[in-house]
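Presented below is the structure to which this report refers.
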Amino acid sequence: MKNYITTPIYYVNGEAHIGHAYTTFIADTIARHSRLKGNETFFLTGTDEHGQKIEESAKKAGKETQAFADEISKTFKDLWDGFDISYDKFIRTTDIDHKRGVQKAFMKMYDNGDIYKGNYEGHYCISCETFFPETQLIDGEFCPDCGKPTNIVKEESYFFKLSEYEDKLLKYYEDNQDFILPKSRRNEVINFVKGGLHDLSITRTTFEWGVKLPESMNDDKHVMYVWLDALLNYITALGYGKDEENMDFWPANIHMVGKDILRFHAIYWPAFLMSLGLPLPKHIAAHGWWTRDGEKMSKSKGNVVLPQVVADAYGLENLRYFMLREVPFGQDGDFSQRAFIDRINSDLSNDLGNLLNRIIGMSGKYSEFKIDSVDVIKYHSKELDAMASVIDNLEPFLDDLRTHKYLEELWKLFSIGNKAIEEHAPWVKIKEDKKDEALATVALIANILAKASIMLNCIMPNTTKTISEALHFEINTSSYQKLILDKKLLDVFIIEKVPPLFPRVEGPLMDEAPEANKEEVPLKKMETKKESTVEEDNLITIDQFFETSLRIGTILEAEVVPKSKKLYKLSVDIGEKEPRQIVAGIREFYEVAELVNTQVCVVSNLKPAKLMGLLSEGMLLAAKDEDGLSLMRPEHKRKAGSSVG
Ligand code: MSP
C-alpha cells in the first residue's frame with residue numbers, strides 16, 4: 001500500500017517552536033509506523049516562503065527576502081535533521097519546480113473556467129494571510145482569528161469560483177465521514193460551508209513576493225495568493241507540473257495540520273483539487289494548540305518554548321513521548337516542565353527503564369545473559385493472553401491518531417511485566433531451586449520488552465533501537481509481522497548491558513521554585529533582559545499576598561436572583577457574627593442543592609459592590625476553563641472563617 005503523509009509547510013518568519021515540533025512529531029510517528037508495517041511511504045515537510053508577511057519580516061530584519069527565507073528555511077531543515085525526522089522530501093515554495101507546478105495548476109483551473117478576473121475590496125489580515133468579510137471582524141477592525149488589526153485592501157484580483165463548490169464539498173463531507181479528524185471538528189467546517197462560500201481572491205498586486213502568474217496570462221503585476229501557492233505544495237512535491245514522478249502517492253492519506261489551518265485544508269484545498277480533477281486526500285487531521293502556562297506562545301510575550309532547548313535539556317525522545325502521551329489528539333495542551341518531568345520519572349524511568357534494568361540484572365545473575373523462551377507458555381499463559389489482548393487493541397488507536405490512548409494502552413504491557421515479576425519473584429524461585437520457572441519469567445519480560453519496543457519504535461526510534469540492541473533482535477517489518485501480527489515469541493535473547501535509558505530527573509523547576517535558579521532549565525532562549533525585568537515587576541511579596549484576606553465560608557442559603565441567568569444570592573458564614581451576603585455568577589454551573597451546606601473559599605476584604613441591585617460583600621474563588629467552572633473548596637471541612645494562605 002502507498003501511504004503519503006504531510007506536515008504543513010512552515011512559514012519562514014520565525015524560529016520553530018514546540019507547536020511546530022508537535023505537528024512534525026505526530027506526522028513522523030505515523031510515517032514511521034507505516035514503514036514498519038511494510039507500506040511504501042512518502043513523508044513530506046518543508047517551508048512556506050511567499051507572501052506579504054515574509055516580505056515584511058525580511059524588511060524588518062534588514063535582509064533581502066530570498067536570503068532571509070533561505071536562512072530561516074535552513075533552521076527548520078537543520079532542526080528536523082537533528083531530530084531525525086524521517087521526511088522523504090523537504091519542499092520549499094521558492095523551489096523552481098514548485099513555482100512551475102503552481103503556474104500549471106493555475107492555468108488548468110483557469111482553462112476549466114474556475115478562475116475569473118475582477119476587483120476586490122476587503123479587510124485583509126497580513127498575519128493570517130486571509131481576507132475577512134466585515135461581518136466577521138471584531139469591532140469592525142480586528143482579525144477574528146488572531147486579533148490583530150486588518151487593512152482595507154482594494155485591488156484588481158483573480159478569483160477562484162469557490163462558491164460553486166459549496167454543494168460538492170458538503171456532499172463530500174457527507175460521503176466521507178472521517179475526512180476530517182477528529183470527527184468533533186467536522187461540524188465546524190460543515191457550518192462554515194453552509195454559511196455560504198464567497199469566491200476566493202487568489203492573486204495580489206500590492207506586493208511582489210509570490211509566484212508570478214503563468215506567462216501565457218500576460219499579466220505580470222499579479223502574484224499568487226500565498227495559500228493557493230502553499231496548498232499546492234502537496235502535489236508539486238510529487239512532481240505535479242513536472243515529471244509526475246511520485247504522483248502515484250496521491251491522494252495523500254493524511255494531511256496533519258493544526259486546528260487554526262483546518263479551514264484552508266478542508267475547504268479551499270478540496271475545492272482546488274476538484275477543479276484540477278484530482279482525488280481528494282483521505283484525511284485532514286487537526287491537532288490542538290500548545291500553550292505555555294495557559295497562554296498562547298508568542299515572541300512578544302517571551303514565552304516561546306524552543307524544541308531544541310527542551311530536547312537538549314531533557315532528551316529528544318522524552319519530548320516526543322511527552323507531547324504524544326500528554327494531550328489527547330485534537331485538544332489543546334499546556335507545556336509544563338513539571339508534567340514533563342513526572343512523565344519521564346514515572347512512565348519512562350520507573351515503568352519501562354526499570355523493567356529493562358531488571359532483566360539485564362536477572363539474566364546476568366541467573367543465566368549468563370542468555371535467555372530462551374521454552375518455558376514461557378508453561379508458566380505464563382495468563383500473561384501471554386493479557387499481552388495478546390493489549391496488542392490487538394493497540395493499532396486502531398494510532399489509526400485514529402489517538403496517540404495518548406495508544407501509549408496508555410501500550411504501557412499496560414509494562415504493567416503486565418512488572419506484575420509478573422512481583423508475583424513470580426524469580427529470585428525466590430532460584431532459591432527454591434525452580435530455575436526453569438525463574439528463567440521463564442525473565443524470558444516473558446524480554447518478550448514484553450521486544451513487542452513493546454516494536455510498537456514504540458515510531459515514537460521513540462532511537463530508544464527502542466537501544467533496547468533491541470540490548471536484547472539482540474531487530475525492529476523491522478519482519479519482526480513486526482512475527483511478534484505483533486503472528487503473536488510469536490522470540491526464541492532466544494542474548495542480553496547486553498546498556499546504561500540506564502532514562503535517568504530520573506530530580507530537582508526543583510522553573511515552574512515551581514523561582515529561587516532555585518541554578519537548577520532551572522531556561523526554556524525561553526528568546527527571553528530578553530527587558531522581558532525578564534517586566535516579569536520581576538509582576539512579582540508580589542508575601543506581604544502583598546496577605547493583603548488579600550481569604551477565608552473558608554460555609555454557604556447557609558442560596559437563592560436565584562430574579563431576572564438573572566447567572567447570579568445566585570448566597571448567605572455565607574465566614575466566622576463573623578452575621579453571615580455575609582455574596583452575589584456570585586455561578587448559576588450555570590451549580591444547582592442550589594450543590595451549594596447549601598458546602599464550603600467555599602471567600603475573598604473577605606473586597607470592597608462591597610452592587611450586582612443587579614443587590615449588595616455583595618465578598619467573592620468566591622473558582623477556576624474556569626472551556627469545560628466549566630469549579631469552586632475552590634477545602635479538601636476537608638474546616639471551621640467557617642479559617643484563614644486561607
Ligand atoms: N504556512 C502555513 C501552512 C501552510 S500548509 C499548506 C502555516 N504555517 S505556520 O508556520 O504558521 O504553522 C504551521 C503549523 O504549526 C500549523 O499546523 C499550526 O497549527 C502549527 N502551530 C503553530 N503554533 C502552534 C502551537 N502553539 N501549538 C501547536 N501547533 C501550532 O500555518
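In what follows, every heavy atom counts, from backbone to side chain, and hydrogens, waters and symmetry copies are set aside. Position 1 is the first residue of the sequence, and the numbers go up from there. Atoms within a ligand are numbered from 1 in the order they appear, just like the ligands themselves.
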(message) Could you check whether Y172 and W269 have their ring centres less than 6.0 Å apart?
(response) no
(message) I'd like the name of whichever of M297, M256, H50, H20 reaches closest to atom 21 (N) of ligand 1 through any heavy atom.
(response) H20
(request) Mark up the atoms of ligand 1 that fall under 4.0 Å of a heavy atom belonging to H17, in ascending order. (result) 22 (C), 23 (N), 24 (C), 25 (C), 26 (N)
(message) side chain to side chain donor-acceptor pair (under 3.5 Å), that's the test. Do D28 and S86 meet it? Break it down for me.
(response) CA-CA 6 Å; D28 184 57; S86 65; 2.7 Å; yes
(message) Can you confirm, on distance only, whether ligand 1 has an N/O atom lying under 3.5 Å from any N/O atom belonging to D260?
(response) yes
(request) Compute the centroid of each ring, for Y10 and then for W80, and state whether the two points are separated by less than 6.0 Å. (result) yes
(message) Suppose I only count heavy atoms of G19 and a 4.0 Å limit; which atoms of ligand 1 are within that range?
(response) 24 (C), 25 (C), 27 (N), 28 (C), 29 (N)
(request) Give the residue and atom name of whichever protein heavy atom lies nearest to atom 20 (C) of ligand 1, and the separation in Å to one decimal. (result) T23 OG1, 3.9 Å
(message) Less than 4.0 angstrom from a charged side-chain N to a carboxylate O is my criterion; do K74 and D70 meet it?
(response) no
(message) Quick test of your reading of the model: are K171 and D167 salt-bridged, counting only N-O distances below 4.0 Å?
(response) no
(message) Return the closest protein heavy atom for atom 17 (O) of ligand 1 as residue, atom name and distance.
(response) G258 N, 2.8 Å
(request) Identify, by atom number and element, the atoms of ligand 1 in contact range of H265, meaning under 4.0 Å from any of its heavy atoms. (result) 5 (S), 6 (C)
(request) Pull out every atom of ligand 1 sitting under 4.0 Å from any heavy atom of D48, numbered as shown with elements. (result) 1 (N), 2 (C), 4 (C)
(request) Give a yes or no on whether a salt bridge exists between K89 and D95, defined as a side-chain N under 4.0 angstrom from a carboxylate O. (result) no
(request) Using a 4.0 Å heavy-atom threshold (strictly under), name the region of Y234 that reaches ligand 1: side chain, backbone, both or neither. (result) side chain
(request) Salt-bridge test for K221 and E156: reply yes if a basic N is under 4.0 Å from a carboxylate O, no otherwise. (result) yes
(message) Checking the N or O distance criterion of under 3.5 Å, is ligand 1 in contact with Y10?
(response) no
(message) Measuring from atom 7 (C) of ligand 1, which candidate in W289, W290, Y11 has the nearest non-hydrogen atom?
(response) Y11
(request) Mark up the atoms of ligand 1 that fall under 4.0 Å of a heavy atom belonging to G288, in ascending order. (result) 28 (C)
(request) Just need the protein heavy atom nearest to atom 31 (O) of ligand 1, so name the residue and atom and give the distance. (result) I261 CG2, 3.5 Å
(message) Are any of the N/O atoms on I9, whether in the backbone or the side chain, positioned under 3.5 angstrom from an N/O atom of ligand 1?
(response) yes
(request) Please check if the distance between the ring centroids of F322 and F25 is under 6.0 Å. (result) no
(message) Checking contacts here: is it the side chain or the backbone of V257 that comes within 4.0 Å of ligand 1, counting heavy atoms only? Could be both or neither.
(response) backbone
(request) Please confirm whether W269 comes under 4.0 Å of ligand 1, counting heavy atoms of the residue only. (result) no
(request) State whether E408 and K405 are salt-bridged, where the test is any N-O pair (Lys NZ or Arg NE/NH1/NH2 against Asp/Glu carboxylate O) under 4.0 Å. (result) yes
(request) Please state which part of Y22 comes within less than 4.0 Å of ligand 1, counting heavy atoms only: side chain, backbone, both or neither. (result) neither
(message) Quick check: F159 with Y120 (ring centres under 6.0 Å apart)?
(response) yes
(message) Closer than 4.0 Å to some heavy atom of A230 - which atoms of ligand 1 meet that?
(response) 6 (C)
(message) Ring centres under 6.0 Å, that's the criterion: do F76 and H20 meet it?
(response) yes
(message) I'd like to know whether ligand 1 has H287 as a neighbour, heavy-atom separation below 4.0 Å.
(response) yes
(request) Compute both the distance and the angle, then confirm whether R35 meets the cation-pi test with F43: under 6.0 Å from the six-membered ring centre, within 45 degrees of the axis. (result) no
